[in-house]
Asks: 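Got a structure for you, questions after.
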Amino acid sequence: MAFSILLTLLVACTAVVGVPTGQTGLDDDMIAKVKANLAQIATHSWEIGTELETLLELESPELSVFGGTIPPPRVLASDSTASDVITKASEIVGNDTDTAGPLIDGDGAVGDPASLGVPVLLANWTRSDPKFSVAASNQLSYLLNDAPRTEDGAISHRADQVQLWADFVYMAPPFIAYYGALQGGSTGYDLLQLAYTQCKLYRQYLKDDSGLWQHIILGSGTDATHWGTGNAWAAAGMLRVLETIRRSSEADNMLSERLELTSWINEILTHAWNYQQTNGTLLNWIDQADSFPDSSSTALLGAVTYRMAALTGDLTHISSANDAFDVIKASLTDDGWLLNTVDPLTFNTPSASGSYSPEGQAFVLLLHSAWRDYAATFERR
Ligand SMILES: *[C@@H]1O[C@H](CO)[C@@H](O)[C@H](O)[C@H]1NC(C)=O
Ligand SMILES: *[C@@H]1O[C@H](CO)[C@@H](O)[C@H](O)[C@H]1NC(C)=O
Ligand SMILES: *[C@@H]1O[C@H](CO)[C@@H](O)[C@H](O)[C@H]1NC(C)=O
């Protein structure tokens with residue numbers, strides 16, 4: 001309670017001095033092209049999961065974790081509301097012939113298929129069809145009971161060895177939290193706590209003295225670099241968990257957890273923007289001056305920055321987000337493809353000429369949606 005009053009005051013105070021929202025945002029034509037290109041190239045589990053979260057934020061913000069209440073209404077405004085997301089969730093569940101286990105083949109990853117869990121839970125909630133509930137419950141059970149873990153309980157991102165990837169934080173904890181917020185009661189509370197605890201453990205393992213997160217630790221095939229997209233996944237995932245808790249019935253019972261998540265997200269933003277280049281881009285290895293520019297992480301960290309500013313009223317990083325939006329606009333082709341992305345499968349090379357990043361396409365739309373909601377927050381006051 002005290003926390004929300006503090007936030008309200010912060011927001012109110014900044015509004016008094018007038019908040020520049022910047023001349024930014026994309027036009028409808030560009031949004032449509034970026035979206036169509038995303039749909040064309042999103043094929044892996046995490047890419048489709050991220051695509052569906054993106055469509056909710058873009059087109060049905062009241063059903064995303066950044067608007068409305070959780071649980072959402074049982075009955076959607078119309079048959080067309082979020083129909084693209086629900087149709088895709090139906091297709092995934094229809095293809096899920098495995099009676100137990102993840103929703104979709106995760107290419108060896110534990111965490112990635114869970115990113116599809118939120119749309120499946122939304123489909124269950126609004127269509128009341130038990131096949132969605134069973135599929136979501138199997139996905140949760142796989143994460144909780146079958147996936148390998150560290151001794152202190154961090155769920156592995158990989159199925160064949162215990163290994164922690166920053167990417168996990170966007171894929172699994174937001175699903176666990178959303179599941180908990182829908183269940184309510186003590187089961188729901190325990191799941192919300194578990195989502196928070198996974199963020200806490202992942203930060204303990206991956207954040208180092210630089211203030212940034214390493215990409216992959218433990219097991220074989222580690223990556224100790226401060227990968228831009230890894231830091232962006234971590235910040236954006238913790239933000240989804242924070243917002244899910246805040247909109248759930250446990251919001252007032254989890255104030256200290258919300259404050260911690262807030263500070264962990266800000267920690268990444270502060271240390272990442274510290275290395276922002278003059279034209280607004282971040283580098284693929286954020287703090288290595290000889291690294292190549294990466295528009296994907298620039299877009300997602302920009303999105304997190306707008307949402308955090310709308311949430312807390314702290315505008316410290318808004319000029320960084322506006323500069324990031326400028327370089328993203330400069331990196332979009334007329335056909336709606338994002339250039340200057342890292343190849344999301346190698347992590348260490350730019351996307352080859354003529355090939356594009358599915359997650360980068362999604363992050364452009366997340367950036368636009370976050371900016372739109374940020375601008376509306378301050379225009380309303
Ligand atoms: C479902 O399976 C069909 C046939 O194998 C495939 O074409 C389609 O891409 C799958 N859909 C998803 C969302 O995985
Ligand atoms: C699916 O929806 C039903 C009600 O329609 C609810 O009772 C059930 O808990 C939901 N399942 C999940 C996994 O959220
Ligand atoms: C932004 O600056 C970097 C150098 O820091 C450069 O490599 C990149 O091409 C620039 N991006 C655009 C869109 O001009």
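We count residues from 1, following the sequence as given.
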Asks: Check side-chain hydrogen bond (donor to acceptor under 3.5 Å, both in side chains) between Trp165 and all other residues, then give those that pass, not counting sequence neighbours.
Replies: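 Trp165 satisfies side-chain hydrogen bond (donor to acceptor under 3.5 Å, both in side chains) with Gln163 only.
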Asks: Restricting to salt bridge (charged side-chain N to carboxylate O under 4.0 Å, His left out), what partner residues turn up for Glu53, sequence neighbours left out?
Replies: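 For Glu53 the salt bridge (charged side-chain N to carboxylate O under 4.0 Å, His left out) partners, ignoring immediate neighbours, are Arg240.
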Asks: With sequence neighbours left out, write down each residue that passes side-chain hydrogen bond (donor to acceptor under 3.5 Å, both in side chains) with Tyr205, or none if nothing qualifies.
Replies: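 With sequence neighbours excluded, Tyr205 shows a side-chain hydrogen bond (donor to acceptor under 3.5 Å, both in side chains) to Asp152, given in chain and number order.
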Asks: Looking at residues at least two apart in the chain, or sitting in another chain, which of them share a salt bridge (charged side-chain N to carboxylate O under 4.0 Å, His left out) with Arg203?
Replies: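 For Arg203 the salt bridge (charged side-chain N to carboxylate O under 4.0 Å, His left out) partners, ignoring immediate neighbours, are Glu267.
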Asks: Test of understanding: with salt bridge (charged side-chain N to carboxylate O under 4.0 Å, His left out), list the residues that count as partners of Glu257, not counting sequence neighbours.
Replies: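 Counting only residues at least two positions away or on another chain, Glu257 forms no salt bridge (charged side-chain N to carboxylate O under 4.0 Å, His left out).
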Asks: Hey, what else clusters with Tyr275 if you join Ile, Leu, Val, Met, Phe, Trp, Tyr whenever side-chain heavy atoms sit under 4.5 Å?
Replies: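 In the cluster with Tyr275 are Leu212, Ile286.
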Asks: Who passes salt bridge (charged side-chain N to carboxylate O under 4.0 Å, His left out) against Asp107, sequence neighbours left out?
Replies: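 Asp107 satisfies salt bridge (charged side-chain N to carboxylate O under 4.0 Å, His left out) with no other residue.
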Asks: List for me each residue that meets side-chain hydrogen bond (donor to acceptor under 3.5 Å, both in side chains) alongside Glu359, sequence neighbours excluded, and say none if there are none.
Replies: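 Result, side-chain hydrogen bond (donor to acceptor under 3.5 Å, both in side chains) vs Glu359: Trp46.
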Asks: Please identify each residue that fulfils side-chain contact (heavy atoms from CB on, under 4.5 Å) with Asn145, with sequence neighbours left out.
Replies: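 Checked Asn145 against side-chain contact (heavy atoms from CB on, under 4.5 Å); matches are Ser141.
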Asks: Among residues at least two apart in sequence or on other chains, which ones pass side-chain hydrogen bond (donor to acceptor under 3.5 Å, both in side chains) with Ser297?
Replies: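 side-chain hydrogen bond (donor to acceptor under 3.5 Å, both in side chains) list for Ser297, sorted by chain: Asp294.
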Asks: Going by atom type alone, with no hydrogens or angles, which donor-acceptor pairs under 3.5 Å involve a side-chain atom of residues 166-180 and a protein atom two or more places apart or on another chain?
Replies:
unit_1: Asp167; atom_1: OD1; unit_2: His215; atom_2: NE2; d: 3.0

Asks: Taking side-chain contact (heavy atoms from CB on, under 4.5 Å) as the test, write out the residues that go with Asp208, two or more places apart.
Replies: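 Asp208 satisfies side-chain contact (heavy atoms from CB on, under 4.5 Å) with Ser210, Gln214, His226 only.
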